[in-house]
Amino acid sequence: QVRLVESGGGSVQAGGSLRLSCAASGYGHSSGCMGWFRQAPGKEREGVAAIGIGDVETYYVDAVKGRFTISQDNAKNTVYLQMNSLKPEDTAMYYCALFPRYECGVFGSWFRIEKYAYWGQGTQVTVST
């Protein structure tokens, strides 16, 4: 049974940094795509970043390019999202998700939510002015 557990959320002031972690268990394949999504109150869930499992290919939504970095530690089965220069508009619940077996760009854009079969419970990020 695949399980994704996020951690690292919290409250910071604008300009601050946080690092989110997503620990995966129960996934027995060496390929796939791990994504970070976020959802603010009253808004739709949106893709933030994604990375191919065991790959170097990364993807970002324009709003976070240059500020956020997605990375992975395959030995720990963990994906990270380093968030720098945080802005109040980054406030949201952040979720990690797994698109199993395929590269991020297969069957549509990397941020196509329907592709991701497994989701974590989310971690809250709050950025104040």
Side-chain angles (χ1 to χ4, degrees):
Q1 182 177 358
V2 176
R3 186 169 181 230
L4 305 176
V5 179
E6 302 98 333
S7 61
S11 297
V12 295
Q13 290 189 325
S17 298
L18 285 172
R19 188 177 81 155
L20 306 183
S21 299
C22 174
S25 61
Y27 182 64
H29 301 278
S30 59
S31 60
C33 177
M34 290 294 296
W36 282 99
F37 293 77
R38 65 186 180 186
Q39 188 167 19
K43 295 188 176 181
E44 293 186 352
R45 191 170 297 190
E46 64 171 354
V48 176
I51 187 167
I53 294 174
D55 199 354
V56 297
E57 195 87 32
T58 57
Y59 307 81
Y60 297 93
V61 67
D62 286 346
V64 307
K65 285 181 180 177
R67 300 189 297 122
F68 290 12
T69 303
I70 189 170
S71 63
Q72 61 187 323
D73 184 333
N74 293 324
K76 295 182 179 180
N77 294 323
T78 300
V79 173
Y80 304 97
L81 185 67
Q82 178 67 44
M83 305 186 295
N84 298 328
S85 302
L86 282 160
K87 304 175 181 180
E89 51 263 44
D90 295 318
T91 295
M93 184 71 79
Y94 282 71
Y95 301 89
C96 69
L98 169 63
F99 172 39
R101 302 195 181 189
Y102 297 100
E103 296 176 356
C104 296
V106 174
F107 302 133
S109 301
W110 65 268
F111 50 82
R112 185 166 171 244
I113 291 175
E114 294 81 4
K115 300 196 317 184
Y116 292 81
Y118 304 98
W119 292 81
Q121 81 288 350
T123 186
Q124 178 67 37
V125 172
T126 303
V127 184
S128 59
T129 56

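The basis for the numbers below is simple: all heavy atoms, side chains too, and nothing from hydrogens, waters or symmetry mates.
- Ring-plane geometry between Phe37 and Trp119 is classed as tilted, the angle between the planes lying from 30 to 60 degrees on a 0 to 90 degree scale.
- Atom OG1 of residue Thr78 and atom CD of residue Gln72 lie 10.0 Å apart, to the nearest 0.5 angstrom.
- Clustering ILVMFWY residues whenever any of their side-chain heavy atoms sit less than 4.5 angstrom apart, transitively, puts Tyr94 in a cluster other than the one holding Val5.
- The two residues Ser21 and Trp36 have their closest heavy-atom pair at O-CH2, 3.6 Å.
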Determine all donor-acceptor pairs shorter than 3.5 Å in which one atom belongs to a side chain in residues 41-48; sequence neighbours excluded.
from: Arg45; atom 1: NE; to: Gln39; atom 2: OE1; distance (Å): 3.3
from: Arg45; atom 1: NH2; to: Gln39; atom 2: OE1; distance (Å): 3.3
from: Glu46; atom 1: OE2; to: Arg38; atom 2: NE; distance (Å): 2.7
from: Glu46; atom 1: OE2; to: Arg38; atom 2: NH2; distance (Å): 3.2

Step by step, would you call Asp62 with Lys65 a salt bridge (Lys or Arg N to Asp or Glu O under 4.0 Å)?
-> CA-CA 5 Å; Asp62 286 346; Lys65 285 181 180 177; 3.0 Å; yes
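- You'll find the side chain of Phe107 reaches within 4.5 Å of the side chain of Phe99, heavy atoms only.
- The shortest heavy-atom contact between Ala49 and Leu81 is CB-CD1, 4.1 Å.
- Summarising the local packing, CD of Gln13 is surrounded by 12 or fewer heavy atoms from other residues, nucleotides or ligands at distances under 6.0 Å.
- Contact of the Asn84 side chain with the Ser17 side chain is registered, since non-hydrogen atoms from C-beta on lie closer than 4.5 Å.
- Linking Ile, Leu, Val, Met, Phe, Trp and Tyr whenever their side-chain heavy atoms come within less than 4.5 Å leaves Tyr80 and Val12 in two separate clusters.
- Of all non-hydrogen atoms in Tyr59 and Gly105, the two that sit nearest each other are OH-N, 4.2 Å.
- At least one donor-acceptor pair under 3.5 Å links the side chain of Lys115 to the backbone N or O of Cys104.
- How far OH of Tyr116 is from CG of Leu98: 9.0 Å, rounded to the nearest 0.5 Å.
- Side chains of Leu4 and Met34 form a contact here, defined as non-hydrogen atoms less than 4.5 Å apart.
- Rounding to the nearest 0.5 angstrom, the gap separating the OG atom in Ser30 from the CZ atom in Arg101 is 11.0 Å.
- In this structure, Tyr95 and Gly122 approach most closely via the heavy-atom pair CD2-CA, 3.5 Å.
- Nearest approach of Val61 to Trp110, heavy atoms of both residues: N-CZ2, 3.6 Å.
- Shown here is Gln82, whose CD atom has more than 12 heavy atoms of other residues, nucleotides or ligands within 6.0 Å.
- Note that the SG atom of Cys33 and the CD1 atom of Ile51 stand 9.0 Å from one another [nearest 0.5 Å].
- Looking at heavy atoms from C-beta onward, Phe68 lies in side-chain contact with Leu86 at the 4.5 angstrom threshold.
- Residues Met83 and Asp90 form no side-chain contact, since every pair of their non-hydrogen atoms from C-beta on lies 4.5 Å or further apart.
- Residues meeting the salt bridge (Lys or Arg N to Asp or Glu O under 4.0 Å) test with Arg3, sequence neighbours left out: none.
- For Glu114, the salt bridge (Lys or Arg N to Asp or Glu O under 4.0 Å) partners are Arg112, not counting sequence neighbours.
- The shortest heavy-atom contact between Pro88 and Thr129 is CG-CG2, 3.5 Å.
- Here the CD-SG distance, from Glu6 to Cys96, works out to 4.0 Å after rounding to the nearest 0.5 Å.
- Within 6.0 Å of OH on Tyr102 lie no more than 12 heavy atoms contributed by other residues, nucleotides or ligands.
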